[in-house]
Amino acid sequence: MASEATTTTAAVPRRRSFALAATPRRRQMILVAFIVAAALFPILHNNDADIDAGANALAYATLALGLNIVVGFAGLLDLGYAAFFAIGAYTYGILSSFQLEPAWTPFWEPFAWLELVQRMPQPGGDVVHFTLSFWLALPLAASIAAFFGVLFGAPTLRLKGDYLAIVTLGFGEIVPIIARNWSSLTSGAMGLNGIAAPHLFGFNFGIDAEPYFYVALSMVVLLIFVSFRLRDSRIGRAWMAIREDEIAASAMGVDLARLKLLAFAIGAAFAGMTGTFYVAKLQTATPEMFGFPVSVMILVMVVLGGMGSVLGVVVGAILLQLLQSWFLEDLTTWLHALGRLVGSDLLQRVDLVESIELIFGIILVVMMLFRRQGLIPATRRPAALSFEQQHAEVRRGSAIGLKGFSGEKTDVPALEVRGVTVRFGGLVALRSIDLTVPAGGVVAVIGPNGSGKSTLFNVTTGLTRAEGGSIKLFGEEILGLPPHKVLARGAARTFQNIRLFPNLTVLDNVLVGQHARLRTQALGAVLRLPRTRAEERAAREWAMEVIGIFGNRLTPRALQQVSSLSYANRRRVEIARAIASRPRVLLLDEPTAGMNPAETIELAEQIKQLHTLGLTVVLIEHKLDVVTSLAQNVVVLDHGEKLAEGLPEEVRRNEAVLTAYLGRNAGAGSAALV
């Protein structure tokens, strides 16, 4: 009966996923319509100034897409993003102008053969003129900007929130100052002039706006494609997990430092490439082009469009840039005309273009107050459950026969804790704790509130540091390892206070649990080769199998955001996420908390099924009937020390345990607990 129920409910998300299949198709149709309309714009509207404004708007769209990787996907507030824009701009500007002219030597002959430099005769001796191609400069500037992104991010991305914002703000101010003062390299405040225009098949772009418009359009289309591929991959899910909850992401196997650096590097690469395009179009570069107002403007574009929304940030960037270059100029002209008509000196002096920073600030405040999700939200509300699904009879799933999941038979303890001590200032949370969990066993850790139970889980999974001791997982030392490495070695956990990724779906939460078991990297996510597609398909199938453990409580809700679920279902999602990592040891911190008696019994049976498959379980639980039905051995903690250990029936009659729990004599306590 259980297997029949599982089969029935497992079909539900498949039907719903097909029902939602129109969403990617609509997205493709929108993109095609945008590309066609943009491509026809220079043809139908033969106005060079407007085409130039359109090219600028598209350039800022590429910048917004890069910042969206950092802020929208990974949740890292970067207020100095224009610095990478400047790095890309000066890379091409220096290597395609007459700013640097070192003496000619035989060293430069291979570069001349590659047409990267020219030999220029001068009265004092021949010199080198750099002639880097615009098309080579695009990936080169992207790489250099990404390098500086990693160089800057490595020591700073350990910071969070306001502290990270302040540091990035400082970096954003440093780069223009360097450009202003390093005159021998950048020509200082005078700016780089004589930057070469791009050439393509013998055609010189010159100052004609139309070819630049099409180059910018191609860049936007490319970066939209890259952004979508990254967002819908293992990498994108890890970024969004970091954005939602860094602690939970780390506990689920996400390497925080590496993934943050990757986001910073990719965002910087987008900006560096755009910088090359921008100075090639203007054929000049000055430090004032890359100041703090530019970073603010790009951030407002991301907020207006919708943080994390790929199409949204493109729309936001184009709207704000056209607002600045078209609408505000026209509106200023109309206000001046109105001022002359009514004789108002104030209206005749108004210049809305000069007030653009004030207008951006107002837009930012209004969006934060009234539409924080932006014009095009990153996540759309999924279709509501049908009447039949909402009123369906609750049917339990089953963990029996779960594919790709098995325990280990070995005499080596699954988890061995020896002499572990944890202090928080003068408070001793754990004092010389010893604990042994046999492979395939179920051990319960109980004790009053504040006894150190969750601290034991935290130190085991790398979230808390210990002063000394040893923790071994199947004979391998894990004490001192970061959480993502502990998870990779096979210890997965849940939390006493649920830590999910609320703006992700049930399915995506469970997929994040598999992060350490998947191998797709950023390049593979973008290219999406057959091996990558096969891995993603297998991951989703496994995730649905794990979700199916809980029957039709979760399966019909696989595409629902977890923030919309009941408390009990969120508990189930957290357990499913931990199971999806294919752990060798599963640590459950009060898994039945907040569940009614029927739900508690159901979950206890499901945990028992997992144990039947050979999974080792360590359980923190206050419901002693659950402990008695599941645990083979019980460890009691009190004030950070091990108070007792033994079989469940022995522990529940231990006088010291009863006193710690109830503060009364053994007879009364025994009567209360039996």
Review point. Any side-chain heavy-atom pair from L31 and F225 closer than 4.5 angstrom?
Key: no

Point to revise | W542 six-ring face occupied by R582 cation (under 6.0 Å, within 45°) | key: yes

Point to revise | Criterion side-chain contact (heavy atoms from CB on, under 4.5 Å) on M544 and T555, from CA distance to verdict | key: CA-CA 7 Å; M544 289 308 305; T555 302; 4.1 Å; yes

Point to revise | R465 atom CZ, neighbour heavy-atom count above 12 within 6.0 Å | key: no

Point to revise | N-O pairing of E535 and R528 below 4.0 Å | key: no

Check your understanding: Would L559 and V506 count as a side-chain contact (heavy atoms from CB on, under 4.5 Å) if you check the C-alpha gap in whole Å, the side-chain angles of each, and the deciding distance to 0.1 Å?
Key -> CA-CA 6 Å; L559 301 180; V506 172; over 6 Å; no

**Study point:** Plane angle bin for F171 and F152 - parallel if under 30°, tilted between 30 and 60°, otherwise perpendicular
**Key:** parallel

Point to revise | Salt bridge present between R499 and D245 (N-O < 4.0 angstrom) | key: yes

Review point. Looking only at heavy atoms, what is the nearest atom pair of V585 and A414, with distance?
Key: CG2-CB, 3.8 Å

Check your understanding: If only atom types and distance count, is the side chain of R493 paired as donor or acceptor with the main-chain N or O of L587 below 3.5 Å?
Key -> no

Practice item. Take Q561 and T379 through the test side-chain contact (heavy atoms from CB on, under 4.5 Å) and record every step on the way to the result. Key: CA-CA 9 Å; Q561 290 184 0; T379 56; 3.1 Å; yes

Point to revise | Side-chain heavy atoms of I235 within contact of T520, under 4.5 Å | key: no

Check your understanding: Taking R234 for the side chain and L518 for the main chain, is one N or O donor matched with an acceptor at less than 3.5 Å?
Key -> yes

Exercise for review: Determine whether the aromatic ring centres of F148 and F84 lie less than 6.0 Å apart.
Suggested key: no

Review point. Would you say F34 has more than 12 foreign heavy atoms packed within less than 6.0 Å of its CZ?
Key: yes

Practice item. Provide the closest heavy-atom pair for S227 versus F270 in the form atom of the first, atom of the second, distance. Key: OG-CE2, 3.9 Å

Review point. With no hydrogens and no angle check, do the side chains of N503 and R243 hold a donor and an acceptor under 3.5 Å apart?
Key: no

Study note, to complete from the structure: When R553, K608, R571 are each screened for salt bridge (charged side-chain N to carboxylate O under 4.0 Å, His left out) with E602, the one that passes is R553

Review point. Does E536 pair with R540 as a salt bridge, N-O distance under 4.0 Å?
Key: yes

**Study point:** Heavy-atom pair of closest approach, residues V302 and A64
**Key:** CG2-O, 3.7 Å

Practice item. Would you mind reporting whether L157 and L164 have side-chain heavy atoms less than 4.5 Å apart? Key: yes

Practice item. Applying side chain to side chain contact (heavy atoms under 4.5 Å, CB included) between R577 and each of Q514, R572, M252, report the one that passes. Key: M252

Check your understanding: For A137 and Y92, which heavy atoms make the closest approach, and how far apart are they?
Key -> CB-CD1, 3.2 Å

Review point. Between the main-chain N or O of G308 and the side-chain N or O of N68, is there a donor-acceptor pair closer than 3.5 Å?
Key: yes

Point to revise | Aromatic F228 / basic R231 pairing, under 6.0 angstrom, 45° off normal | key: no

Practice item. Evaluate the criterion side-chain contact (heavy atoms from CB on, under 4.5 Å) for residue pair K472 and I478; output intermediate values, then yes/no. Key: CA-CA 6 Å; K472 292 183 178 180; I478 61 172; over 6 Å; no

Check your understanding: What closest approach, in Å, do V618 and F457 show between heavy atoms, and which atom pair accounts for it?
Key -> O-CZ, 3.6 Å

Exercise for review: Would you name the heavy atoms of A265 and V150 that are closest together and state the gap between them?
Suggested key: CB-CG2, 3.7 Å

Exercise for review: Could you tell me whether the side chain of V313 reaches within less than 4.5 Å of the side chain of M301, counting heavy atoms only?
Suggested key: no

Review point. In terms of heavy-atom contacts, does CD of E115 have more than 12 from other residues, nucleotides or ligands at under 6.0 Å?
Key: no

